[in-house]
Structures are given as C-alpha cells and as structure tokens.
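It should be emphasised that the depicted structure is a prediction, and the values quoted were computed from it without experimental measurement. Note that the numbering runs from 1 along the sequence shown for the chain.
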Amino acid sequence: MNKLLSLFFFGIFFAVANAFGASAFDMYLGPKLPPEQLATLSNPNAIIQFVDELGSHGQAEAEVRVLPGKHSIGIESKTSRDAVAIYAVFEINKEYEIIPSYQDNLWRPKIVEKLSGKVVSWMGFLPITDLKSGASRAQVEEIFKNQAVRASYSYQFKGLVYQVVHYNLYRQRFGNEPKDTGTDFIIIYRPDNTVFYKGTFTGDLLRSNDPLIQKMLPMIKERWANEVYGPPVAK
C-alpha cells in the first residue's frame, strides 16, 4: 500500500513539475529530498524511458534527479528510437550525463560523471532488444553464446515444426553481488530457423494475448514440462 501511495504522489509531482515547465524532476520513491542529497542525470541527446520501476512517459528529455546508488535505466535514442536498459551507480550530489553511442550499428549509450568523465554504467542484461522478429538462428546464438540452455524441444502446429530453446539468463553482477536465480527466456524458431517469438517464459509467453500463441501454448507447456521434469508417470 505504501508503495502504491508513493507511486501515486510521484505521478502528481511529475504532472505538476511538467505543467510549470520544470527542466529537472525527481524520479524516485519516498519523500522529496533537497538536490544536494540526490544525483542529477542530464540527457540532452536521448530520452529516459524509466528509472527502476518509474516510467517517464517519454517526457524525460532534460534532466532527472535520482537517489544515490545503483539503478536500472531505460534509454531511448532520439534519432533511431532504439532503446536499451543499462545499469548505473550514482554518488550523492554529483552530476552525470548520457553519452549517445553505437557499436556495430547497435544503440549502446553510456552514462558518465561530468567532472571526471568516468563511465559509471554497464550493460546489465543481454541486449535482447536487438533481436527483431525474423532474426536468424545464428544471430540469436551469437548473442546467447555464453548463456546456459535450460531446455530445447520442438512441437508441430498446422503441419509445421517449430523449434524452441529456453535460456537461463543471468544479469551481469556489480562488484560482489550474489548471483541471482536467472530468468527463463524463450526463443521460438520457424521451420526456416528465423525467430518467430522471443520473450520471458512466465512474464511474456504465458500472458500473451496473441491468438496464435494462445493456440500453441498447450503444446509448448506440455513439451517444456516433459523436457524439464520428464514425461508424466502412469499411475
């Protein structure tokens, strides 16, 4: 309940700040703090989509204030409209800036501390946003080459055979952070070995409203269960 109230009051503050043309606004939960107890992130050449669970609704085009510490940040290019999520660690009462950057034509922005120029951000997850529908299996395997395969199987739908691979993704750790439990990320390939579907298994696939996915889902769940837990034992 307290978190919901905090999100509610954040929304009110966000609307009021933009109504009065504020060039910087707070993106954190909890009581309002003075600027000297926060970190400031400017983004003249990019759009901040979110900071942790707080979305900017596409309005964060000047600068934002965040709590010191580690955050996950969604950053969108103003030119290509590509977006990626990265991690960054901020210190109290310091100023930071988003530096647009591309690697091999892929959007890879960085966050630097203004005074020292030190890079304080890193890619926290695999750049799965680079995968477009229709990407080749070779492209997928290059991105996921260091990730563990949890399950691999196939199923038939309307006479066509679809291949499925479940990867257990682990985010990159910062310092001595403990390893997390991982995320089950699923790739479904068409018969021609191009990507038909990509997303998390529980968060995306099982909740998909796509009529075609819904028709395939019983087969996928059965094949996944057999692969992970073994076939059902007859009583």
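Expressed to the nearest 0.5 Å, how far NZ of K70 lies from CH2 of W122 amounts to 5.0 Å. Taking CZ of R65 as the start and CE of M27 as the end, the distance is 12.0 Å to the nearest 0.5 Å. Note that the NZ atom of K110 and the CD1 atom of I99 stand 9.5 Å from one another [nearest 0.5 Å]. With rounding to the nearest 0.5 angstrom, the CZ atom of F50 is 11.5 Å from the CD atom of E76. Distance check: I220 CD1 to I186 CD1 gives 5.5 Å after rounding to the nearest 0.5 Å. Going from atom CD1 of I73 over to atom CZ of F90 covers 3.5 Å, rounded to the nearest 0.5 Å.
The shortest heavy-atom contact between Q156 and G159 is NE2-CA, 3.6 Å. Minimum interatomic distance between R223 and S154 (heavy atoms only, all atoms of both residues): NE-O, 2.9 Å. Among all heavy-atom pairs drawn from K32 and D26, the shortest one is NZ-OD2, 3.0 Å. Of all non-hydrogen atoms in V228 and R150, the two that sit nearest each other are CG1-NH2, 4.4 Å. Residues L160 and P191 share a closest heavy-atom pair of CB-CG, 3.9 Å.
A donor-acceptor contact shorter than 3.5 Å is absent between the side chain of W224 and the backbone of V164. S42 places a side-chain N or O within 3.5 Å of a backbone atom of Y96 that can act as its donor or acceptor partner. A donor-acceptor pair is defined here as one N or O able to donate and one able to accept, closer than 3.5 Å; such a pair exists between the side chain of Q139 and the backbone of S136. Using modelled atom types, no side-chain atom of R137 and backbone atom of V195 make a donor-acceptor pair closer than 3.5 Å. A donor-acceptor pair is defined here as one N or O able to donate and one able to accept, closer than 3.5 Å; such a pair exists between the side chain of K78 and the backbone of P44.
The hydrophobic cluster containing V112 does not contain W107, counting ILVMFWY residues as joined when their side-chain heavy atoms lie under 4.5 angstrom apart, directly or transitively. Each of V161 and I187 belongs to its own hydrophobic cluster when Ile, Leu, Val, Met, Phe, Trp and Tyr are linked at side-chain heavy-atom distances under 4.5 angstrom.
Side chains of N45 and I98 form no contact here, defined as non-hydrogen atoms less than 4.5 Å apart. Put simply, the side chain of L33 reaches to within 4.5 Å of the side chain of L67, judged on heavy atoms. At least one side-chain heavy atom of Y167 sits under 4.5 Å from a side-chain heavy atom of V149. Annotation: side chain of L212 is in contact with side chain of F196 (closest heavy-atom distance under 4.5 Å). Side-chain contact between K221 and L206 is present, with at least one heavy-atom pair separated by less than 4.5 Å. A 4.5 Å side-chain heavy-atom check between K94 and L115 finds every atom pair outside the cut-off. F144 is not listed as a side-chain neighbour of V165, based on a closest heavy-atom distance of 4.5 Å or more. Residues Y153 and N226 form no side-chain contact, since every pair of their non-hydrogen atoms from C-beta on lies 4.5 Å or further apart.
Using bins of under 30°, 30° to 60° and over 60° for the plane-to-plane angle, the ring pair H166/F201 lands in the perpendicular bin.
Residues Y197 and Y162 place their aromatic rings such that the two centres sit no closer than 6.0 Å.
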#### Entry: Full working for side-chain contact (heavy atoms from CB on, under 4.5 Å) between V51 and Y28
CA-CA 8 Å; V51 175; Y28 58 89; over 6 Å; no
### Query
Do I75 and N43 pass the side-chain contact (heavy atoms from CB on, under 4.5 Å) test, and can you show the C-alpha distance, the side-chain angles, and the key distance before you say yes or no?
CA-CA 9 Å; I75 303 174; N43 53 322; over 6 Å; no
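Side chains of Y102 and S77: a donor-acceptor N/O pair is present below 3.5 angstrom, by distance only.
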